[in-house]
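See below for the structure under consideration.
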Amino acid sequence: MQALVGEIAAAGGKAALFPLDVSDEEQIKSTFKAVLAQFGKIDILVNNAGITRDQLVMRMKRADWTTCSTPT
């Protein structure tokens with residue numbers, strides 16, 4: 001992913017990599033603050049996280065995210 005950030009920068013664009021644990025609400029909040037502090041807004045967001053639940057993401061409860069991130 002860092003190579004892609006470099007390619008975007010070489011082409012004159014702005015990009016950054018902000019890895020975080022999406023099951024940790026505090027990491028999500030602090031990462032968004034960091035992104036907004038650096039760029040002011042988000043134009044494109046690639047959220048590369050995997051989770052399996054038989055429902056729509058918007059209907060998931062916070063506990064579902066925690067459960068899915070815990071190794072079984």
Solution key, residues 30-40 side-chain donor-acceptor pairs under 3.5 Å, sequence neighbours excluded:
{"unit_1": "S30", "atom_1": "OG", "unit_2": "E26", "atom_2": "O", "d": "3.2"}
{"unit_1": "S30", "atom_1": "OG", "unit_2": "Q27", "atom_2": "O", "d": "3.2"}
{"unit_1": "T31", "atom_1": "OG1", "unit_2": "Q27", "atom_2": "O", "d": "2.7"}

Self-check item: Pairing residues for A15 by the side-chain contact (heavy atoms from CB on, under 4.5 Å) criterion, not counting sequence neighbours
Solution: V5, I8
Exercise. Would you mind listing every side-chain hydrogen bond (donor to acceptor under 3.5 Å, both in side chains) that reaches into residues 2-16, with sequence neighbours excluded?
Key: none
